[in-house]
Chemist: 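My questions will all concern the structure given below.
When a residue number appears, it is its place in the shown sequence, counting from 1. The analysis underlying the following values was restricted to heavy atoms, covering all of them including side chains, and did not include hydrogens, waters or symmetry mates.
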Amino acid sequence: MAVTDSPYQAYESSEVGESHPAAHPKTRSVRDRVVPPMRGSVLWGWVGPLLVTLFGGILRFMQLGHPKAVVFDETYYMKDAFSLITHGVEKVTVKDADKAIIAGNTDIWQACTPDDLGKCASYVVHPPMGKWMIGIGEWLFGLNPFGWRFAAAVVGTLSILILARVARRMTRSTLLGCFAGLLLALDGLHYVLSRTALLDIFLMFWVLAAFACLVVDRDRAREKLVTWYEGSPLSPQGPSLGIRWWRIGAGVCLAFAMSVKWSGLAFAVAFAIMSLMWDFGARRAVGLRRPYLGAINKDVPQGVVAFGVVPFVAYMATWAGWFVNASGYGRNWDQATSPGNPLFFVFDSMRSWVQYQWQVFTFHSGLETSHPYMSEPWSWPLLLRPVAFFYEGKQNTCGVKDCSQAVLGVGTPVIWFGAVAALVALVAWYFSSRDWRAGAVLLAYAMGWLPWFYFAIADNRTMFLFYAIPMVPFMVLAITLCAGLLIGPSAPAVKGATPMRRTLGAAVVGAFALLALINFWWLHPILSAELIPYVDWKARMLFEKRWI
């Protein structure tokens, strides 16, 4: 296969010669085959994604403090976040604290005596990382809607840049990278969660950041292997690749994902396996006689550190506030249940922490409370039951009698329905070609979706559409990979790379992007609490009986 700037050339063949490339001067370079060169301008590789990110950031920060209200589950997380930055742990608030906060009063904590601090400790069922991040915005801008939504808008905007860059790296196309970033910027659910102080946008961010780190690590590891192959004496197992900082970075990101919500654990396990499988494939791709033994001896030990030791340390670090404050919930459980326990302080607190985690686990396992906006995971890809984050009806304030303000947590239908088709195409593509990109996207999407089937069937757990937000970047990547297939390679030497095929493919992809933009524009008033006539609000309910 000739080397082209197509985003869909094979990254490696299934069979690779074992001799040094100098012995086969007519054979295509091992470097070009194992690590295809990045095509296009390095400058535009940054400028393009940054421009798309700027567009998405403007959308997300514009009137970020509107509506001036506590939206849906912000009532929990914005107060917990403020308690963390104020006291280091979550504390119980007084009655009607939300009204006091909107009125500008931050004296919202329940009073306790020094001997009765335990009654003021708030029992929370999610780890602290997401709330610490929300708290940064409150520390900078105060306990107000803009302050508690600031961090969500920041990570929502940054995720556009990360996705654009990782799509560019996976496809070797700046244009397709910008296309991916644009679609994420125009997704309604991503937009709403980027403007709301809920935890799920932070989970999505750290999962995507971990995935991006691993894609970069894949390229870096292969570059090191090829450099060794070209200039060093060959050996059956190959070299050690040294400290792989990008993979360690992925381990930290996965720890932070788990410290936002425990559902990040599924991604951590899957990504660890995926990264190690890439190591097996890389050593096989350069033709080593014992690639699997080489990976087990030289890559797996460091993988254990990156995906085991590093995440554990990083995860525990996010609980530092709980460990250093005696007023945290369950902080003194060990001392209360084991009087006279001779163990040191660290063992006392660790045993209390383990007990606390068990309480949280049992809480989630039995969570079956009915909610009007709950939905089953198999309905999420079709947007059958979105969540009304905010709704307020008003009279005679928009030029007509009946007016509405709404924030509906729903994805952009053009993008979500297009993603369903793209994911089906990716399944066929992966089983026909074993392309690593299709496999990686399908795996990440599955980890954001399939575990919820177990909880829906076994636990009958209360779930919502916005739990699907970690799936969204990988839905966009699926569309982007299929867009590259439609456009096709640019080199005339590649079979099927005709100008007509590329023109038609580009037209289809451009039309899809335009439809996504129009669809987002149409939905925007009910995503951003814009005051509109009630009839206009109702006209935007795609499935009226399910969306209302």
Chemist: By the definition ring-ring contact (aromatic ring centres under 6.0 Å, His included), identify the one residue from Trp380, Trp378, Tyr467 that meets it with Phe453.
Modeler: Trp378
Chemist: Quick check for you: to the nearest 0.5 Å, what is the distance between Ile526 atom CD1 and Leu408 atom CG?
Modeler: 5.0 Å
Chemist: Among Leu163, Leu208, Asp187, which residue meets the side chain to side chain contact (heavy atoms under 4.5 Å, CB included) test with Val472?
Modeler: Asp187
Chemist: More than 12 heavy atoms of other residues, nucleotides or ligands under 6.0 Å from CH2 of Trp109: yes or no?
Modeler: yes
Chemist: Counting distance only, does the side-chain N/O of Arg546 pair as donor-acceptor with the main-chain N or O of Arg385 below 3.5 Å?
Modeler: no
Chemist: So, taking the atom named CZ in Phe307 and the one named CG in Leu214, what distance separates them when rounded to the nearest 0.5 Å?
Modeler: 5.0 Å
Chemist: Flag the pair His126 / Tyr76 as yes when their ring centroid distance falls below 6.0 Å, and as no otherwise.
Modeler: no
Chemist: Measure the CH2-CG distance between Trp416 and Leu465 for me, rounded to the nearest 0.5 Å.
Modeler: 5.0 Å
Chemist: Look at the rings of Phe543 and Trp547 and say which category their plane angle falls in: under 30° parallel, 30 to 60° tilted, over 60° perpendicular.
Modeler: perpendicular
Chemist: Please check: side-chain N/O of Ser259 versus main-chain N/O of Ala255, any donor-acceptor pairing under 3.5 Å?
Modeler: no
Chemist: Is the Phe179 ring parallel, tilted or perpendicular to the Phe512 ring (thresholds 30°, 60°)?
Modeler: tilted
Chemist: A side-chain contact here means heavy atoms from C-beta on lying under 4.5 Å apart; do Trp436 and Val215 qualify?
Modeler: yes
Chemist: Mind checking whether Tyr391 and Trp537 have parallel, tilted or perpendicular rings, split at 30° and 60°?
Modeler: tilted
Chemist: Less than 4.5 Å apart, any side-chain heavy atom of Phe271 and any of Met447?
Modeler: no
Chemist: Working to the nearest 0.5 Å, report the span between CE of Met463 and CH2 of Trp452.
Modeler: 7.0 Å
Chemist: Tell me whether Arg540 contacts the main-chain N or O of Trp522 through its side chain, where contact means a donor paired with an acceptor under 3.5 Å.
Modeler: yes
Chemist: Do the side chain of Arg501 and the main chain of Leu486 share a donor and acceptor less than 3.5 angstrom apart?
Modeler: yes
Chemist: Does the side chain of Phe267 reach to within under 4.5 Å of the side chain of Phe211, using non-hydrogen atoms?
Modeler: no
Chemist: Does the Cys213 SG fall under 2.5 Å from that of Cys253?
Modeler: no
Chemist: Arg60 side chain to Gly56 main-chain N or O, any donor-acceptor pair under 3.5 Å?
Modeler: yes
Chemist: If you define the side chain from C-beta out and look only at heavy atoms, does anything of Val207 sit under 4.5 Å from Pro473?
Modeler: no
Chemist: With side chains defined as the heavy atoms from C-beta onward, is the minimum distance between Tyr356 and Trp319 less than 4.5 Å?
Modeler: yes
Chemist: Please say whether the positively charged group of Arg434, taken as NZ for Lys or CZ for Arg, lies over the ring of Tyr430, i.e. under 6.0 angstrom from the six-membered ring centre and within 45 degrees of the axis.
Modeler: yes
Chemist: For atom OH of Tyr123, is the number of surrounding heavy atoms from other residues, nucleotides or ligands below 6.0 Å larger than 12?
Modeler: yes
Chemist: With rounding to the nearest 0.5 Å, note down the distance linking CG in Leu140 to CZ in Phe146.
Modeler: 9.5 Å
Chemist: Hey, are Thr75 and Asp98 close enough side-chain-wise for a donor-acceptor pair under 3.5 Å?
Modeler: yes
Chemist: Taking side chain as C-beta onward, heavy atoms only, is Phe389 less than 4.5 Å from Arg195?
Modeler: no
Chemist: Got a donor-acceptor contact below 3.5 angstrom from the Asn519 side chain to the Val414 backbone?
Modeler: yes
Chemist: If you round to the nearest 0.5 Å, how far is OG1 of Thr53 from CZ of Phe55?
Modeler: 11.5 Å
Chemist: Is the closest side-chain heavy-atom distance between Met258 and Lys261 below 4.5 Å?
Modeler: no
Chemist: Between Asp217 and Trp278, is any pair of side-chain heavy atoms under 4.5 Å apart?
Modeler: no
Chemist: Look only at the side chain of Ser83 and the backbone of Lys91, and say whether a donor-acceptor pair between them is shorter than 3.5 Å.
Modeler: yes
Chemist: Without hydrogens or angle criteria, can the side chains of Arg149 and His66 be said to hold a donor-acceptor pair below 3.5 Å?
Modeler: no
